[in-house]
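A short write-up of the structure that comes next.
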Amino acid sequence: MTKSYQSPHPHFDVIIIGAGPAGATCALQLRHSNLNVLLIDKASFPRSKTCGDAITGRSIKTLYRCCPELVEQFRAFPQKTEIKQTRLHINSHKPVDIHWVNEAYCCRRTDFDYALLQGVRQYAPNVQVLEGFQVDDIVQDDAVPGRFLVGNSSQQRYFSTQFLVGSDGTQSIVSKKLTSTRLDQNHHAGAVRAYFSGVKGLHLNRTEVFVLPEFMPGYFWVFPLSEDTANVGFGMLTRSIARQKVNLKDAVSAFIQASPELRGRFAGSTQLGKLEGFGLALGSRRVPMSGDHFLLIGDAASLIDPASGEGISNAIVSGKVAAETIVVAFKKQDFSADFLKSYEKKLFKIIGKELKTSTILLRSFYFAPILLDFAAYLMASPFFKRLAKKLM
């Protein structure tokens, strides 16, 4: 049911809800568009973001194409570590090192996301940023077909727009209001993470992933932030969490104790703060991510890699592709669902094969965990190392 709010509201050509990596990238890509853009986030930055803190894949390369000035600033940012390889510890097999092709970092999301938003302020003069504003209401304005009113019902503060972008995460209000997509445990994962100091054996240029058969389908990660401090966490498919009645917070300490290497390396370490949980909308299914006058990007579009759980690079790519689509839509004055399907087609030409491959891997290891042992042998061969390298 649609509503019409008679009082005037500030109008923007485009409103982006969510100022994380996807939303900030979309705003940066629109900086030369001459469109009047509003970027809204419920939090005030810098804000904490529960995540693995790995900035991987195409993230930096894509950001450079949007705003090279911002990337050059980030490269000089001291609160990060450059990642050049990932070490895979699969069961009791010899660890396998996979070397990265693309520029990658570990950086606290508090710092990374704040740097992106500051970049929007500095380099995108056509974008207005509104922090600390919770959008809880999205309605269509009868006065102008296709125009949305976006706002907070308790404050009775609204903005109107011709085009809406949902980059507001797994629990996206844009997705809830405008699509029929709902959480599916088969395509969703849960994870917890905390920061630990005093961890032995950290390598500043190497992330680590651990897999043990008794904790499948899931994995444990150690991502370095300094010489003795790391982002440490454990994630698992939500369906398995429910079926096995897994307590993710307990699983972190249980995993450390189950691994002789981790048990020794974490002896004497200190957990900094509490374990915090987060949900991951996996890209193992295609969900509606466009419609009349709107697009979904990032986690709101379920673009997280099913095998690795990494979502930042796909979020950034989706933000750039969405902005390119928006520019064309305004030039053509075509905001129809049919035209905006071009966004999905272009996006999946870039990331579709990787999502399919990761989905196959996830399902294979879920239904046949013994394949992990086979994978460990394969990963040790030069051919499969080169294959894995292409995905990184």
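- For the atom pair CD of Gln162 and CG of Leu35, the computed distance is 11.0 Å after rounding to the nearest 0.5 Å.
- Under the 4.5 Å side-chain heavy-atom criterion for ILVMFWY residues, a single connected hydrophobic cluster contains both Tyr64 and Leu28.
- Annotation: Phe112 is in aromatic contact with Phe74 [ring centroid separation under 6.0 Å].
- Aromatic ring centres of Phe12 and Phe163: separated by at least 6.0 Å.
- For the pair Arg286 and Phe348, the cation-pi test (distance below 6.0 Å, angle within 45°) is passed.
- A pairwise comparison of heavy atoms in Arg265 and Lys200 identifies NE-O, 2.8 Å as the closest pair.
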**Report entry** Check against side chain to side chain donor-acceptor pair (under 3.5 Å), Ser358 and Asp305
**Finding:** CA-CA 7 Å; Ser358 292; Asp305 187 281; 2.8 Å; yes

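- When each of Ile17, Ile297, Thr25 is checked for a side chain to side chain contact (heavy atoms under 4.5 Å, CB included) with Ser167, only Ile297 meets the rule.
- Cluster membership check: Phe159 shares its hydrophobic cluster with Phe335, using side-chain heavy-atom separations under 4.5 Å among Ile, Leu, Val, Met, Phe, Trp and Tyr.
- Transitive grouping of hydrophobic side chains (ILVMFWY, heavy atoms separated by less than 4.5 Å) keeps Ile312 and Phe278 in distinct clusters.
- Judged by the 6.0 Å distance and 45° axis criteria, Arg157 is positioned over the aromatic ring of Phe133.
- A perpendicular orientation is assigned to the rings of Phe215 and Phe234, their planes being inclined by more than 60° (bins at 30° and 60°).
- Looking at heavy atoms from C-beta onward, Tyr195 lies in side-chain contact with Arg108 at the 4.5 angstrom threshold.
- Looking only at atom types and distance, the side chain of Ser175 has no donor-acceptor partner in the side chain of Ser172 under 3.5 Å away.
- Of all non-hydrogen atoms in Pro21 and Leu116, the two that sit nearest each other are CA-CD1, 3.7 Å.
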